[in-house]
Asker: 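Got a structure for you, written out below as structure tokens; questions coming shortly.
Since the model is a prediction, treat every value here as computed from it, not as a measurement. Throughout, protein chains are lettered first and strands after them, A, B, ... in sequence-line order, and every chain is numbered starting at 1.
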Number of protein chains: 2
Amino acid sequence: MGGFAMYLCRQKTLKMRVISRLGEYGLRALMYMAAHKSDTGYFNIRVMSQELDISFHFLTKILQGLTQRGLLQSYRGPNGGIGFLVPPDQITLATVVKALEGDDFFQNCLLGLPGCGERQPCPMHVFWTALRESLQTEFETTTLDDLGTQTLERHLRLKA
Amino acid sequence: MGGFAMYLCRQKTLKMRVISRLGEYGLRALMYMAAHKSDTGYFNIRVMSQELDISFHFLTKILQGLTQRGLLQSYRGPNGGIGFLVPPDQITLATVVKALEGDDFFQNCLLGLPGCGERQPCPMHVFWTALRESLQTEFETTTLDDLGTQTLERHLRLKA
DNA sequence: TATATTTAAGATAAAACACTCTTAAATATT
DNA sequence: AATATTTAAGAGTGTTTTATCTTAAATATA
């Protein structure tokens, strides 16, 4: 592993996780794909798994799911791989996260305090709602292309 | 279960969880204690577990941990229970969450994107940092007393 | 057609998380 | 002193998450 991938490398312990490992791996792979334009449009999963230090089979399964949900397309056999079905500048983070974590991702209270709803808001509800909404807005307005490009550019700038 | 406790009742499915069940249960119990002043200063764990619909043994273990960390004190035997060692108006949410989830709770990237740090910020780092800091600030400025009182008052207001 | 390559799919395993149960220790009451 | 009550502590169980392994299906190339 090296180059750009160091940027997306594994983080062993993590508190305050909002997305699961599955979601994290999926997002990292998509960011990788968005940042590395491919000639054929397809990326080899094994190479990606090595670059990103993610289990090959696990990553395969995650990307499989994104294929089934219509975000990616796959191609078997030699020189096969996985690529965007929808161009990455048309895929928002919100779409990705919902595909990976479930459609109700943005619907719940960030903290997990029960009874937190519009009808009977918990003490922190207003705060949480504001926080979640800014999160959701950010996710809905940021595309994979934005993220991948920004990441790559920043990395290159640091390197120079 | 009824009355105030309905407010702290269990929520079965939850996405976007930031704190674990253990943290949630602990926080709910502390909010309960902060809102219900006790004559003796001690609360019976079994009663609390029933009111909050949390497993008695599990809750006992969680509160045990808070006792060991110096937030609570316990008293065995008849009419025994668990109570605040530090008064709840001097316990911030930040202290509680750190005690329950670990001291490094606020140190990591909310999303879990790796490589997200001051030195080599990931594309979302600025956004995440802002989000996390407002979260942390809110947690550091809100005491258990604030939360419990607010909750109770709001509940009573709705009831009237 | 035979072989190698690559993703798909399903079964299995390991680890983390969320409880559950049993026994021990402390305290109060009789 | 005996008994009941309540938390402390540790072992054990079930579930979910995470990861791995094996086999199948598709595709390209020789």
Asker: Output the rounded distance in Å from CD1 (B/Ile54) to P (C/dA18).
Answerer: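 So the two atoms are 13 Å apart, to the nearest Å.
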Asker: Is any N or O donor-acceptor pair between the side chain of B/His57 and the base of D/dT7 shorter than 3.5 Å?
Answerer: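 Between D/dT7 and B/His57, which were checked side chain against base, a qualifying N/O pair under 3.5 Å is absent.
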Asker: Kindly work out whether a path of hydrophobic side-chain contacts (I/L/V/M/F/W/Y, heavy atoms less than 4.5 Å apart) joins A/Ile82 to A/Leu22.
Answerer: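 In one cluster: yes.
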Asker: Check whether any side-chain N or O of B/Gln64 sits under 4.0 Å from OP1 or OP2 of D/dT7, and answer yes or no.
Answerer: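 So the side chain of B/Gln64 is outside the cut-off, no N or O lying under 4.0 Å from OP1 or OP2 of D/dT7.
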Asker: Separation of B/Phe58 atom CZ from D/dT7 atom P, in whole Å?
Answerer: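 Computing the B/Phe58:CZ to D/dT7:P distance gives 17 Å.
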Asker: Taking DNA chain C as the partner, which of residues 72-79 of chain A come within under 4.0 angstrom of it by heavy atom?
Answerer: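 Going residue by residue through residues 72-79 of chain A, the ones with a heavy atom under 4.0 Å of DNA chain C turn out to be A/Ser74, A/Tyr75, A/Arg76, A/Gly77, A/Pro78, A/Asn79.
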Asker: Where the side chain of A/Phe56 is concerned, which of C/dT7, D/dA19, D/dA8 is the nearest nucleotide?
Answerer: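 Between C/dT7, D/dA19, D/dA8, the one nearest the side chain of A/Phe56 would be C/dT7.
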Asker: Distance check needed: C/dA9 P versus A/Ile82 CD1, whole Å only.
Answerer: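 The answer, rounded to whole Å, is 11 Å.
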Asker: Determine the contact category for B/Phe43: base if any of its heavy atoms lies under 4.0 Å from a base atom, sugar-phosphate if only primed atoms, P, OP1 or OP2 are that close, otherwise nothing.
Answerer: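 Here B/Phe43 touches the backbone only, sparing every base.
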Asker: Whether A/Gln68 contacts C/dA9 is assessed here as follows: a side-chain N or O lying under 4.0 Å from the phosphate OP1 or OP2. Is that the case?
Answerer: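 Looking at the OP1 and OP2 atoms of C/dA9, one of them is under 4.0 Å from a side-chain N or O of A/Gln68.
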Asker: Using the ring pair (Phe, Tyr, Trp, His ring centres under 6.0 Å) criterion, which residues pair with B/Phe56? Sequence neighbours excluded.
Answerer: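 Expected list: none.
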Asker: How long is the line joining NZ of B/Lys61 and P of D/dT7, in whole Å?
Answerer: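 In whole Å, D/dT7 P and B/Lys61 NZ are 14 Å from each other.
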Asker: Between A/Glu101 and A/Ser20, is there a donor-acceptor pair closer than 3.5 Å when you use the side chain of the first and the backbone of the second?
Answerer: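 Here the side-chain-to-backbone pair exists.
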Asker: So which heavy atom on A/Lys37 is nearest to which on A/Pro88, and how close?
Answerer: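 Looking at all heavy atoms of both residues, the closest pair is NZ-CG, 4.3 Å.
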Asker: Quick check on D/dT7: is either OP1 or OP2 less than 4.0 Å from any side-chain nitrogen or oxygen of B/Thr60?
Answerer: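 Answer is no, no contact under 4.0 Å.
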Asker: Under 4.5 Å between side-chain heavy atoms, counting indirect links through other Ile/Leu/Val/Met/Phe/Trp/Tyr residues: same cluster for A/Leu85 and A/Leu93 or not?
Answerer: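 Cluster IDs for A/Leu85 and A/Leu93 differ.
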Asker: Evaluate the ring planes of A/Tyr42 and A/Tyr75, with Trp represented by its six-membered ring, and classify them as parallel (under 30°), tilted (30 to 60°) or perpendicular (over 60°).
Answerer: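 Tilted, since the angle between the ring planes falls between 30° and 60°.
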Asker: Return no unless some side-chain N or O of A/Tyr25 is found under 4.0 Å from OP1 or OP2 of D/dA19.
Answerer: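 So the side chain of A/Tyr25 is within the cut-off, an N or O lying under 4.0 Å from OP1 or OP2 of D/dA19.
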